[in-house]
Number of protein chains: 2
Amino acid sequence: MIKSENLNDILFYSLERAIKSYRQFAQRQLVKHGFNITIDQWLVLKTLHDNPEQTQHQVAETIFKDYASVTRIIELLVEKQYLVRTMHAADRRRFSLTLTENAVKLLDNMQPVIDQNRSLALKDINEMQTSQLQQLLNQIIKNTQSDSI
Amino acid sequence: MIKSENLNDILFYSLERAIKSYRQFAQRQLVKHGFNITIDQWLVLKTLHDNPEQTQHQVAETIFKDYASVTRIIELLVEKQYLVRTMHAADRRRFSLTLTENAVKLLDNMQPVIDQNRSLALKDINEMQTSQLQQLLNQIIKNTQSDSI
DNA sequence: CAAATATAATTGATATATCAATATAATTAT
DNA sequence: ATAATTATATTGATATATCAATTATATTTG
């Protein structure tokens, strides 16, 4: 019913739609499995679990989020008792961020759902296509980084 | 420096990064050219310009946004005097949304920048690759739509 | 026609994104 | 060693995303 320049033909529109669609899907699956956590909160936990010594700044860069957002997500994770903040031994500007046992269990329990989400979302797309897609996305990222303009 | 499952290998991480990177780039370009409007606000204006008779609900579906978000974006566009809301002649639940002259001029002035953003972001990616990318994205969208699960 | 249902839009609450300003602490440069 | 700079993190303001509840009007159904 929609005429004109046809949004569907615009690549970036599809990009936006695909990632939003995936995020909504992934979030629904988490809710469906009874996990009371957002995708973004999970991402922060996961990153800290993998690299515990990161500063919040590094976390933000790793997961491509704003510093302010990371501060606020971490606040929520502390409230939910998934993270403990303590003074950093060597640098008093920083905090040490430690996952609680609950958080570690949570990550373990979530991993199968996360894996399933990914494979369901990639149904009928083979490995070669996935890696081509990766390359194109990386090219777009390269083209749009601040310094490349 | 970052070990472990390596976020960069995860397709959806690249997807998220690519669209965020593009959005930030596009927004920077708008600011650089002196346009005082967000990408999302532009998208709403553009959609209404192309299909003036849409309900807000339809606008939301067309641009894949939440209804509540569309309500709020439209509020801002009315404040900025780019949109005029009037009672709809036939259906008193609706509003007629009309672009002001300023909005039409704005869209005209912005179009070259928008086009340039897209082609800069797609530098070194040819048409065939673009259309393959499109197809894969559409497959992901299909896989993750609510009803397909 | 009246009741039930559906549609259009808004509002409130919470989460995240972005930008700018600020506070502290650490590092460096003179 | 002090001053200037840099790094780490927070906070406030505004925009957008999401979910749930609400209001008003239209449409359908019995």
Side-chain angles (χ1 to χ4, degrees), chain A residues 16-17 19-28 30-32 36-45 48 53-80 82-83 85-97 146, chain B residues 16-17 19-28 30-32 36-45 48 53-80 82-83 85-97 146:
Chain A
E16 181 119 14
R17 227 178 133 104
I19 190 63
K20 272 196 190 176
S21 191
Y22 171 71
R23 279 184 143 266
Q24 291 169 357
F25 163 70
Q27 190 67 55
R28 275 197 309 274
L30 291 189
V31 170
K32 193 179 293 180
N36 178 28
I37 187 174
T38 68
I39 298 280
D40 292 308
Q41 291 166 9
W42 169 80
L43 189 55
V44 169
L45 276 187
L48 282 169
E53 270 309 305
Q54 291 177 99
T55 63
Q56 294 186 192
H57 196 95
Q58 286 170 325
V59 169
E61 292 194 338
T62 302
I63 65 180
F64 207 61
K65 284 193 181 299
D66 191 76
Y67 311 133
S69 296
V70 169
T71 293
R72 284 160 184 146
I73 292 174
I74 286 175
E75 269 172 28
L76 294 176
L77 289 171
V78 170
E79 276 173 30
K80 288 185 172 183
Y82 289 134
L83 274 185
R85 299 174 75 152
T86 49
M87 283 294 163
H88 190 275
D91 186 338
R92 299 201 311 181
R93 290 169 304 184
R94 302 182 44 179
F95 294 94
S96 287
L97 297 166
S146 349
Chain B
E16 180 118 13
R17 226 179 134 104
I19 190 63
K20 271 198 191 175
S21 190
Y22 171 71
R23 278 184 144 268
Q24 291 169 357
F25 162 70
Q27 191 66 56
R28 276 198 309 274
L30 291 189
V31 170
K32 193 180 292 180
N36 178 29
I37 188 174
T38 68
I39 299 280
D40 293 307
Q41 290 166 9
W42 170 81
L43 189 55
V44 170
L45 277 187
L48 282 169
E53 270 309 305
Q54 288 177 102
T55 63
Q56 293 185 192
H57 196 97
Q58 287 170 325
V59 169
E61 293 194 336
T62 303
I63 65 180
F64 207 62
K65 285 194 180 298
D66 192 75
Y67 312 132
S69 297
V70 169
T71 293
R72 286 160 184 145
I73 292 173
I74 285 176
E75 270 172 26
L76 293 176
L77 288 170
V78 170
E79 276 174 30
K80 288 185 172 184
Y82 288 134
L83 275 185
R85 300 174 74 153
T86 49
M87 283 293 163
H88 191 274
D91 187 338
R92 298 202 311 181
R93 290 169 304 184
R94 302 183 43 179
F95 293 95
S96 288
L97 297 165
S146 352

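FYI, side chains are in, hydrogens and waters are out, and symmetry mates aren't considered; it's all heavy atoms of this structure. By convention in this document, chain letters (A, B, ...) are assigned in the order of the sequence lines, proteins followed by strands, and residues within each chain are numbered from 1.
- Checked against ring pair (Phe, Tyr, Trp, His ring centres under 6.0 Å), A:His88 has no partners two or more places apart in sequence or in another chain.
- A 4.0 Å heavy-atom criterion places the boundary nucleotides of DNA chain D facing chain B at D:dA15 to D:dA26, written 5' to 3'.
- Within 4.0 Å of A:Gln27, counting heavy atoms only, lies no atom of the nucleic acid at all.
- Taking 4.0 angstrom as the limit, B:Thr71 places a side-chain polar atom (N or O) nearer than this to OP1 or OP2 of C:dT10.
- Across all strands shown, A:Thr38 has heavy atoms under 4.0 Å from sugar-phosphate atoms exclusively, and none from any base.
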> For B:Glu61 and B:His57, what are the C-alpha separation, side-chain angles and deciding distance, and is it a side-chain contact (heavy atoms from CB on, under 4.5 Å)?
Replying inline: CA-CA 6 Å; B:Glu61 293 194 336; B:His57 196 97; 3.7 Å; yes
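- In this structure, the side chain of B:Ser69 does not engage the main chain of B:Lys65 through any donor-acceptor pair within 3.5 Å.
- The nearest whole Å value for the distance from the CD1 atom in B:Ile73 to the C1' atom in C:dA9 is 15 Å.
- Across the interface with DNA chain D, nearest-nucleotide mapping of B:Ser69 and A:Thr55 shows A:Thr55 to be the residue nearer the 5′ end.
- Heavy-atom nearest nucleotides on DNA chain D were determined for A:His57 and for B:Tyr67, and the one closer to the 5' end corresponds to A:His57.
- Comparing A:Gln41 and A:Ala68 against DNA chain C, the residue whose closest nucleotide sits nearer the 5' end is A:Gln41.
- Within 4.0 Å (heavy atoms only), B:Gln58 reaches no atom of the nucleic acid at all.
- You'll find the side chain of B:Leu45 reaches within 4.5 Å of the side chain of B:Tyr82, heavy atoms only.
- With hydrogens and angles left out, the side-chain atoms of A:Thr38 and A:Gln27 include no donor and acceptor closer than 3.5 Å.
- Scanning residues 87-94 of chain A for heavy-atom distances under 4.0 Å to DNA chain C yields A:Asp91, A:Arg92, A:Arg93.
- Using a 4.5 Å heavy-atom threshold, the side chains of A:Arg23 and A:Asp40 count as touching.
- A:Arg94 is listed as a side-chain neighbour of A:Glu53, based on a closest heavy-atom distance under 4.5 Å.
- At a threshold of 4.0 angstrom between heavy atoms, the contacts of A:Asp66 include nucleobase atoms, whether or not backbone atoms are also involved.
- Side-chain contact between B:Tyr67 and B:Arg72: absent, with no pair of heavy atoms (C-beta onward) separated by less than 4.5 Å.
- B:Ile39 is not listed as a side-chain neighbour of B:Leu43, based on a closest heavy-atom distance of 4.5 Å or more.
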